[in-house]
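Since the structure comes first, as structure tokens, the remarks are kept for the end.
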Amino acid sequence: MLDIKLIRENPEKINELLKRRNPELSIDEVLQIDTQRRAVQTEADELRSKRKNESQKIGELKKQGQNTDEIQEEVRKIGDEIKILEEKEAEFDEKQRTLLLNIPNTPDETTPIGTSENDNKIVCGCGEPTEADFELKPHWDIAEEKGIVDFERGVKLSQSRFILYRGKGAVLERAIINFFLDVHTKEHGYEEILPPVLVNSAAMTGTGQLPKFAEDMYKCENEDLYLIPTAEVPVTNIYQGEILNEEDLPKYMTAYTPCFRREAGSAGKDTRGLIRVHQFNKVELVKLTTPEQSHEEHLKLTKDAERVLELLELPHRRVELCTADIGFSAQKCFDLEVYMPSYNGYKEISSCSNFGDYQARRANIRYREKSSGKVQFIHTLNGSGLAVGRTLAAILENFQQSDGTIKIPRVLHQYTGFDVIE
RNA sequence: GGAGAAGUGGCCGAGUUGGCUUAAGGCGGCACCCUGCUAAGGUGUUAUAUGGAGUAAUCUGUAUCCAGGGUUCGAAUCCCUGCUUCUCCGCCA
């Protein structure tokens with residue numbers, strides 16, 4: 001959520017930044033509501049003040065045994081007026097909040113300006129695209145042949161885009177999860193979190209999934225509970241409504257969770273294999289920082305995610321997303337992409353975003369500045385570290401051998417207990 | 001799931017025959033003072049949100065005693081609903 005005061009004071013600037021995302025975005029309507037809202041509030045405040053004073057007088061008069069019928073009647077009329085104004089106030093509040101919740105974050109000044117994903121900037125690469133003197137198979141064929149993913153029975157149990165891992169496939173998936181968590185907790189200093197995978201609408205609103213993206217999520221019937229689309233939601237919302245101490249920042253947290261996405265609107269995209277499914281595993285990195293720290297911490301977080309790709313020896317690159325492609329709540333974002341022979345190109349495997357105070361404002365997460373004692377919003381960051389299913393797919397494709405076997409990356413041996421899939 | 005009790009500021013805790021309570025008292029935090037250092041002591045200060053006035057320091061209004069409704073001239077205090085916590089019972093991995 002954007003700061004209404006900031007909007008009020010710098011309307012042109014905010015508008016300009018929003019239009020970098022999408023020329024149709026504008027804060028004009030919310031500004032208009034804000035003006036009306038404040039007028040009503042001032043009026044109501046004055047009446048409330050009057051009622052308070054008059055009521056006190058009634059108390060005193062009654063103590064002296066005087067008749068107060070007349071003044072009581074007057075104050076009752078004030079009360080009626082206040083009631084009408086309060087209804088208006090609530091209406092404007094609600095309207096303003098709804099508008100604000102549906103306005104995306106302003107892009108960071110350094111986010112490249114663009115109109116589509118074609119304007120994203122490739123920042124750096126690592127490793128050459130895998131080549132071989134035999135035909136590289138797509139991971140869905142490998143997985144099927146080796147019997148490590150049972151696509152058909154996964155569909156039978158649920159519906160299309162649900163995955164059933166078995167045998168070495170299940171072990172490899174679990175090995176990758178443990179490897180990721182170990183690297184981030186032991187080498188990068190993150191605290192491991194194991195959160196609920198069902199959260200309420202307040203949490204979903206805090207990180208920006210609600211109200212705008214309700215149709216992307218699975219919701220429980222008759223309950224205010226949603227399946228999380230990413231661990232970002234529960235982990236970022238841990239401190240919802242709280243005031244942290246400056247010395248507790250930055251906070252590093254990592255969590256493995258399954259993630260659930262309806263993938264509404266992506267029919268026909270990535271229909272085969274492990275790339276786009278309704279339930280997948282992911283290890284997420286979340287940081288809570290002061291405003292001063294967030295930029296540097298964002299770079300560090302991205303490196304933390306890149307580090308596991310390096311350890312796995314998977315060819316990859318970093319892309320800086322342009323203003324048209326960054327997520328709704330983000331102000332700046334790097335994607336990490338892994339090379340996938342089946343796509344003859346790179347595929348997103350991590351998305352590392354800096355949200356500034358946008359999520360903190362929604363979730364009301366603040367900290368007390370030590371020097372001044374002032375309370376202000378924290379900054380939130382997160383990134384995949386990494387998507388597990390896509391990592392498994394990348395390993396299958398990039399580590400296939402001419403004899404048809406799949407080598408397991410060295411760093412995973414201690415987790416899998418085997419070094420090849422035959 | 002059933003029965004009881006309770007939810008007050010960073011924490012503990014008073015206030016529940018409605019008005020003088022944003023809220024006593026204590027702890028903790030912060031600032032200053034004092035004794036050679038330490039310990040102890042003294043004084044003061046210590047919520048958040050949102051309006052208005054002012055270039056600003058600042059002054060000032062309103063709201064908030066779990067949340068949302070209601071009663072009343074007036075609600076931390078009375079009534080209703082919900083949520084959460086605790087105790088007991090049931091169930092269960």
Side-chain angles (χ1 to χ4, degrees), chain A residues 1-10 30-101 194-206 210 220 222-226 234 237-249 251 288 357-378:
Chain A
M1 184 155 65
L2 297 177
D3 182 4
I4 186 63
K5 285 186 206 155
L6 201 67
I7 292 177
R8 212 183 285 151
E9 284 158 23
N10 312 283
V30 77
L31 257 184
Q32 204 185 326
I33 298 291
D34 179 56
T35 308
Q36 297 179 60
R37 200 204 88 240
R38 281 182 296 151
V40 173
Q41 190 191 326
T42 304
E43 203 181 334
D45 276 359
E46 276 164 14
L47 283 177
R48 275 190 286 254
S49 175
K50 195 169 168 192
R51 176 177 66 183
K52 193 170 151 193
N53 291 328
E54 297 296 307
S55 294
Q56 270 170 11
K57 274 189 209 158
I58 293 173
E60 285 160 26
L61 289 173
K62 278 203 162 167
K63 243 176 223 168
Q64 296 164 18
Q66 298 191 26
N67 182 295
T68 57
D69 290 354
E70 204 173 307
I71 181 166
Q72 279 192 32
E73 182 53 29
E74 264 174 53
V75 179
R76 177 184 297 134
K77 277 183 194 154
I78 297 176
D80 292 342
E81 282 180 66
I82 289 174
K83 201 161 207 176
I84 293 167
L85 285 174
E86 279 180 342
E87 274 166 24
K88 267 202 213 169
E89 245 185 327
E91 213 176 285
F92 281 128
D93 277 350
E94 177 63 27
K95 219 167 176 180
Q96 177 166 320
R97 184 174 160 76
T98 304
L99 283 171
L100 282 174
L101 286 177
L194 189 60
V197 300
L198 290 170
V199 302
N200 58 31
S201 53
M204 284 295 189
T205 307
L210 286 179
C220 294
N222 305 326
E223 298 255 23
D224 181 34
L225 288 172
Y226 297 79
N237 278 288
I238 288 174
Y239 296 102
Q240 181 194 103
E242 297 189 29
I243 298 176
L244 304 170
N245 293 317
E246 184 174 353
E247 48 271 40
D248 295 334
L249 301 175
K251 242 179 217 309
L288 310 181
D357 65 5
Y358 186 87
Q359 291 183 327
R361 208 174 276 286
R362 287 174 162 251
N364 198 22
I365 309 170
R366 294 170 294 174
Y367 79 102
R368 194 177 298 280
E369 211 179 54
K370 195 163 169 70
S371 56
S372 67
K374 268 198 339 200
V375 173
Q376 55 180 316
F377 290 105
I378 62 159

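Every chain is numbered from 1, with letters handed out A, B, ... down the list of sequences. In this text, all values refer to a predicted model and were calculated from it rather than measured experimentally. Atom set for the values below is all heavy atoms of this structure, side chains included, hydrogens, waters and symmetry mates excluded.
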Determine the interatomic distance between P on B:G10 and the same-named atom on B:U48; round to the nearest Å. 8 Å
Would you say A:N364 and A:R361 make side-chain contact, with heavy atoms under 4.5 Å? no
Contact class for A:K5 (heavy atom, under 4.0 Å): base, sugar-phosphate, or nothing? sugar-phosphate
For B:G74 and B:U62, measure between their P atoms and round to the nearest Å. 16 Å
Would you please confirm or rule out a distance under 4.0 Å between OP1 or OP2 of B:C73 and any side-chain N or O of A:R76? yes
A:R368 vs B:A47: side-chain N/O to OP1/OP2 distance below 4.0 Å: no
Have a look at A:Q41 and say if it touches a base, only the backbone sugar-phosphate, or nothing, with a 4.0 Å heavy-atom cut-off. base
Interatomic distance at P, B:C59 relative to B:U46, whole Å: 12 Å
Could you measure between the two P atoms, the one in B:G69 and the one in B:A75, and give it in whole Å? 14 Å
Below 4.0 angstrom from OP1 or OP2 of B:U62, is there any side-chain N or O of A:S49? yes
Separation of the P atoms in B:G26 and B:G13, to the nearest angstrom: 16 Å
A:I243 CD1 to B:U46 P, in whole Å, measures 16 Å
Nucleotide opposite B:A53 in a Watson-Crick or G-U pair, distances under 3.5 Å: B:U58
Rounding to a whole Å, what distance do you find between A:I58:CD1 and B:C73:P? 8 Å
Using atom types as modelled and distance alone, determine if a side-chain donor or acceptor of A:N53 lies under 3.5 Å from a backbone N or O of A:S49. yes
To the nearest angstrom, the CD-C1' distance between A:E86 and B:U50 comes to 14 Å
Considering only heavy atoms from C-beta outward, does the side chain of A:R366 approach that of A:I378 to under 4.5 Å? no
Interatomic distance at C1', B:G42 relative to B:C34, whole Å: 8 Å
With a 3.5 Å limit on both atom pairs, tell me what B:C78 is paired to, counting Watson-Crick and G-U wobble, or say none. B:G70
